[in-house]
There are 2 protein chains.
Amino acid sequence: MVAAILEAAARILETEGLDGLTTNTVANRAGVSVGSLYQYFPGRSAILAELTRRERANLATRIQAVSADARNQSLETALRRLIDAAIGHQLDRPALARALDYIEPSLALDDEAVLLAETIVSTVANLLRKHGVTKPTEAARDLVAMAKGMVDAAGLAGETNSKALATRVSRAVLGYLYN
Amino acid sequence: MVAAILEAAARILETEGLDGLTTNTVANRAGVSVGSLYQYFPGRSAILAELTRRERANLATRIQAVSADARNQSLETALRRLIDAAIGHQLDRPALARALDYIEPSLALDDEAVLLAETIVSTVANLLRKHGVTKPTEAARDLVAMAKGMVDAAGLAGETNSKALATRVSRAVLGYLYN
DNA sequence: GTCTATACGCGGATAGAC
DNA sequence: GTCTATCCGCGTATAGAC
């Protein structure tokens with residue numbers, strides 16, 4: 001039930017945008033009544049917060065799996081794997097990812113969700129540190145930001161060729177690191 | 001009067017976000033009544049559209065001025081100037097720029113506003129083409145996207161050191177081009 | 001031209017039936 | 001536990017006074 005509501009909310013975010021997401025539309029789309037919805041969520045923003053938490057957890061899991069897996073790889077290879085994971089995540093549901101990215105800062109996320117959001121940057125930072133990159137935290141933030149920008153734009157433009165996109169993001173990332 | 005309304009809308013977008021922007025709040029902040037507001041704008045979204053158009057025009061003007069000025073500079077210098085201009089624009093009102101970036105795709109912009117938005121990418125593309133960069137349009141889109149991502153994140157994080165930021169963006173941009 | 005007052009609809013949220 | 005019905009407040013938009 002919770003899953004049905006969240007999935008309905010996600011679909012509405014994708015098709016109608018933030019404005020179109022109301023307790024009524026979510027309930028309708030989920031095939032339940034508003035009353036039932038309020039038994040599982042205290043309100044509209046709680047739905048958004050939980051949806052964000054789930055998506056972040058999703059991405060964090062991917063990132064960590066790849067990162068653990070790439071422990072003995074070169075920095076280039078490890079980064080490429082991370083980029084692939086991030087692109088896979090974002091191009092899976094580009095409009096959703098974009099909407100959540102935007103509202104995240106204005107959301108009152110619980111500690112867990114905040115931690116998850118930071119996981120991504122700190123995973124990258126750790127990787128960079130291990131390979132002797134200077135200012136790993138700053139670099140990680142920059143790399144994540146630029147990758148996000150590129151992937152986000154690609155998603156908006158309807159680009160679907162993940163591999164070509166990954167190659168270009170890699171170029172930008174490696175170029176940043178080696179200049 | 002129109003200017004007062006738009007400035008009020010901009011301030012509300014910055015402080016309250018998209019949800020907080022209503023015809024009432026805008027009118028109040030502008031020091032006029034709702035009735036007067038409707039004499040100048042047919043509705044809420046018209047305000048957003050016009051605000052977007054103005055901001056885009058603002059940035060496009062900066063970009064073109066710099067671009068014309070840098071006609072005989074090296075590619076590196078020209079790009080750095082463009083980056084400085086873009087950062088100057090975005091860090092001037094980071095929350096506003098971020099909000100408009102997000103809503104722009106869902107806005108029914110008139111032809112002029114669309115053209116202005118494209119001006120930025122095509123200015124960069126022309127510059128790249130002149131210097132023999134392959135796939136200039138694709139590269140321009142990527143460069144703008146990654147710069148936007150970095151500057152946007154910086155603005156969110158409250159970073160105010162434009163010069164340091166510009167240096168990092170330059171690194172990313174040049175790294176992308178020369179790899 | 002600008003205001004106040006108001007009609008109208010919609011979304012959030014709850015009460016109470018089943 | 002889920003539903004329907006309903007209350008309340010707010011935002012859009014307009015009508016009409018000044």
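Just so it is clear: chains get the letters A, B, ... in the order the sequence lines come, proteins before strands, and each one is counted from 1.
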Q) Hey, does B/Glu7 have a side-chain heavy atom less than 4.5 Å from the side chain of B/Arg29? A) no
**Q.** Between P of D/dA15 and CD of B/Gln39, the distance in whole Å
**A.** 13 Å
**Q.** Length of the CZ-P vector between A/Arg44 and D/dC10, whole Å
**A.** 16 Å
Q) A/Leu91 versus A/Leu165: any side-chain heavy-atom pair under 4.5 Å? A) yes
Q: Specify the separation, in whole Å, of atom OH of B/Tyr38 and atom C1' of D/dA13.
A: 5 Å
Q.
In whole Å, I'd like the distance from the CD atom of A/Glu16 to the P atom of C/dC10.
A. 15 Å
Q. Are A/Gln39 and A/Met1 close enough that some pair of their side-chain heavy atoms sits under 4.5 Å apart?
A. no
Q: Find the distance B/Leu37:CG to D/dT12:P and express it as a whole number of Å.
A: 10 Å
Q) Can you tell me how far C1' of D/dG1 sits from CZ of A/Phe41, to the nearest Å? A) 16 Å
Q.
Does A/Thr22 reach a base, just sugar-phosphate, or nothing at all? Heavy atoms under 4.0 Å.
A. sugar-phosphate
Q: Give the nucleotide from the list C/dG11, C/dC3, D/dC3 with an atom nearest to the side chain of B/Ser36.
A: C/dC3
Q: Please state whether the phosphate of D/dG1, meaning OP1 or OP2, lies under 4.0 angstrom from any side-chain nitrogen or oxygen of A/Tyr40.
A: no
(Q) Checking contacts here: which listed nucleotide (C/dT2, D/dG11, D/dC3) is nearest the side-chain heavy atoms of B/Met1? (A) C/dT2
Q. Is there a side-chain polar atom (N or O) of B/Ser33 under 4.0 Å from OP1 or OP2 of C/dT4?
A. no
Q) Expressed in angstrom and rounded to an integer, what is the separation of A/Asn24 atom CG from D/dG9 atom P? A) 18 Å
Q | Cluster overlap A/Leu177 with B/Tyr178, hydrophobic side-chain contacts below 4.5 Å | A | yes
(Q) Side-chain N or O of B/Thr23 versus OP1/OP2 of D/dG11: is the shortest distance under 4.0 Å? (A) no
Q: Rounded to the nearest angstrom, tell me the gap between atom CG in B/Asp19 and atom P in D/dC10.
A: 15 Å
Q.
Run the side-chain contact (heavy atoms from CB on, under 4.5 Å) test on A/Ile83 and A/Val151 for me, step by step, so that the C-alpha distance in whole Å, both residues' side-chain angles and the decisive distance to 0.1 Å come before the verdict.
A. CA-CA 10 Å; A/Ile83 290 167; A/Val151 178; over 6 Å; no
